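Written out below as structure tokens is the structure these notes cover.
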Amino acid sequence: MTAPAETADAITFDRVEKRFPGARGPARPVVLDFNLVCAAGETTALVGPSGCGKTTLLNLAAGLLTPDKGTITIGPRAINGPGPDRGVVFQHYALFPWLSVRRNCEFGLAMVRTERRRRRELVERYLAMVGLAPFAEALPKALSGGMKQRCALARALVVGPRALLLDEPFGALDAITRRHLQRELMAILARERKTVLLITHDLDEAILLAHRVLVLHGPPVRVARDIAIPYPFPRNPELRDTPAFAATRAELWRELDHAAPS
Ligand SMILES: Nc1ncnc2c1ncn2[C@@H]1O[C@H](COP(=O)(O)OP(=O)(O)OP(=O)(O)O)[C@@H](O)[C@H]1O
Ligand SMILES: [Mg+2]
């Protein structure tokens, strides 16, 4: 079986602006003259107070929102809508409740022209990768939260995207399940190079999984701090207990404490 495309592409925000209508009064900019390059094959974690504009940035990269000004590109291509080059996972299991795990996963492939047998193979492969092969015929309602997120991850991966856009993917999970899935995601990213945008409120998750952590303030959203995380991959979760990790965590907290919630 040939592997899906496993190359990664940088995601670039170039002078991006996005305004939303205010409750009353003029539209207010949530993103204003925003520039960012998320390096190819790296994980960039976005942390910041609620409402600062993290999801807006991710939705712009996903093509679910259109910028009012500026451009967003993945590799050489401008983003003009959702596409199979970007897999998206949301915080709240965006699965179709009437479709089985297998069909939910296959749904991602509807966007790309794939022959039926190949489609089956790919779905099997990714369901196995996230440990859901025995539940392929189950409906989402029969799954735990962690299993639903595994399914969402498999669905995002099955098309062989160059980028993964993850909006608090493990935010709704208990601490134990979250740790398991963090480990699994790390293992998957070690095998398949992707450019990852990871929104999280969990600083340990950001430091453990990312090459770079951005602390965002806003709106309008801006990068208040840009911290490179130098540990080589794969990373041992026990890194959390080291003084260097604790120092990075404290540094991020200091920056977050400066950000007034909107
Ligand atoms: N569709 C919309 N219409 C109007 N305002 C919006 C819309 N989407 C987002 N906003 C506003 O834009 C700002 C940023 O929202 P966004 O969802 O990007 O924040 P966030 O950083 O993801 O927050 P959280 O951590 O709570 O998820 C907020 O003030 C929000 O009210
Ligand atoms: Mg959000």
Side-chain angles (χ1 to χ4, degrees), residues 11-38 43-72 74 79-82 86-95 145 148-149 152-153 156 163-175 178 181-182 185 195-210 212-227 249 252-262:
I11 297 174
T12 305
F13 293 78
D14 183 21
R15 284 167 294 166
V16 174
E17 180 171 325
K18 182 70 189 173
R19 292 171 185 267
F20 289 119
R24 49 198 117 111
R28 87 197 160 107
V30 170
V31 183
L32 191 61
D33 200 20
F34 185 82
N35 299 291
L36 176 66
V37 179
C38 302
T43 296
T44 303
L46 307 181
V47 303
S50 180
C52 74
K54 303 180 295 296
T55 296
T56 304
L57 289 178
L58 187 129
N59 285 339
L60 285 163
L64 298 168
L65 286 174
T66 312
D68 298 326
K69 286 188 190 159
T71 53
I72 306 150
I74 174 159
I79 291 171
N80 292 313
R86 285 150 289 140
V88 188
V89 177
F90 301 99
Q91 177 179 8
H92 291 289
Y93 343 112
L95 301 176
K148 285 181 196 162
Q149 276 319 61
L153 195 55
L164 277 181
L165 308 172
L166 310 175
D167 194 350
E168 299 184 49
F170 312 137
L173 306 177
D174 66 274
R178 192 183 312 169
L181 283 187
Q182 287 167 352
L185 180 62
T195 307
V196 183
L197 258 183
L198 169 70
I199 297 177
T200 179
H201 286 287
D202 179 340
L203 296 186
D204 283 21
E205 178 170 290
I207 304 168
L208 197 61
L209 295 182
R212 181 182 177 202
V213 180
L214 303 180
V215 180
L216 302 178
H217 289 191
V221 68
R222 67 180 176 86
V223 177
R225 200 63 191 270
D226 185 343
I227 299 180
R249 187 196 290 123
L252 289 170
W253 270 123
R254 270 197 299 280
E255 198 60 53
L256 286 168
D257 284 340
H258 285 141
S262 59

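What you see is a predicted model, and the numbers here were worked out from it, not measured in a lab. Counting starts at 1 for both ligands and their atoms, in listed order.
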| field | For T55, the ligand 1 atoms whose distance to one of its heavy atoms is below 4.0 Å | value | 17 (O), 18 (O), 20 (P), 22 (O), 27 (O)

| query | Which value, rounded to the nearest 0.5 Å, describes the distance between D33 atom CG and E17 atom CD? | reply | 8.0 Å

| Nearest non-hydrogen partners of R222 and F34, listed with the distance | CA-CE1, 4.4 Å

| Of the backbone and side-chain N, O or S atoms of T55, does one lie nearer to the Mg ion (ligand 2) than 2.8 Å? | yes

| said: Using a 4.0 Å cut-off to any heavy atom of H201, which atoms of ligand 1 qualify? | reply: 25 (O)

| field | Euclidean distance, L46 CG relative to L197 CG, rounded to 0.5 Å | value | 5.5 Å

| said: If I take atom CG from residue L198 and atom CD from residue E205, how far apart are they, to the nearest 0.5 angstrom? | reply: 5.5 Å

| message | Would F20 count as being in polar contact with ligand 1, using the rule that some N or O on each side must be under 3.5 angstrom apart? | response | no

| Approximate separation, where rounding is to 0.5 Å, of F90 CZ and L165 CG | 8.5 Å

| query | Is the closest N or O pair between G53 and ligand 1 shorter than 3.5 Å? | reply | yes

| Can C52 be said to touch ligand 1, with heavy atoms closer than 4.0 Å? | yes

| query | Do you know the tightest heavy-atom contact between V47 and K54? | reply | C-CD, 4.0 Å

| note | Quick note on ligand 1: atoms under 4.0 Å from a heavy atom of V30 include exactly 12 (O), 13 (C), 14 (C)

| field | Ligand-residue contact atoms, ligand 1 with R28, heavy atoms, under 4.0 Å | value | 28 (C), 29 (O), 31 (O)

| said: Could you tell me, atom by atom, which parts of ligand 1 come under 4.0 Å of a heavy atom of E168? | reply: 27 (O)

| Counting each atom of ligand 1 from 1 as listed, which ones have a heavy atom of T56 under 4.0 Å away? | 14 (C), 15 (O), 16 (P), 18 (O)

| Between CD1 on residue I72 and CG on residue L60, distance to nearest 0.5 Å | 4.5 Å

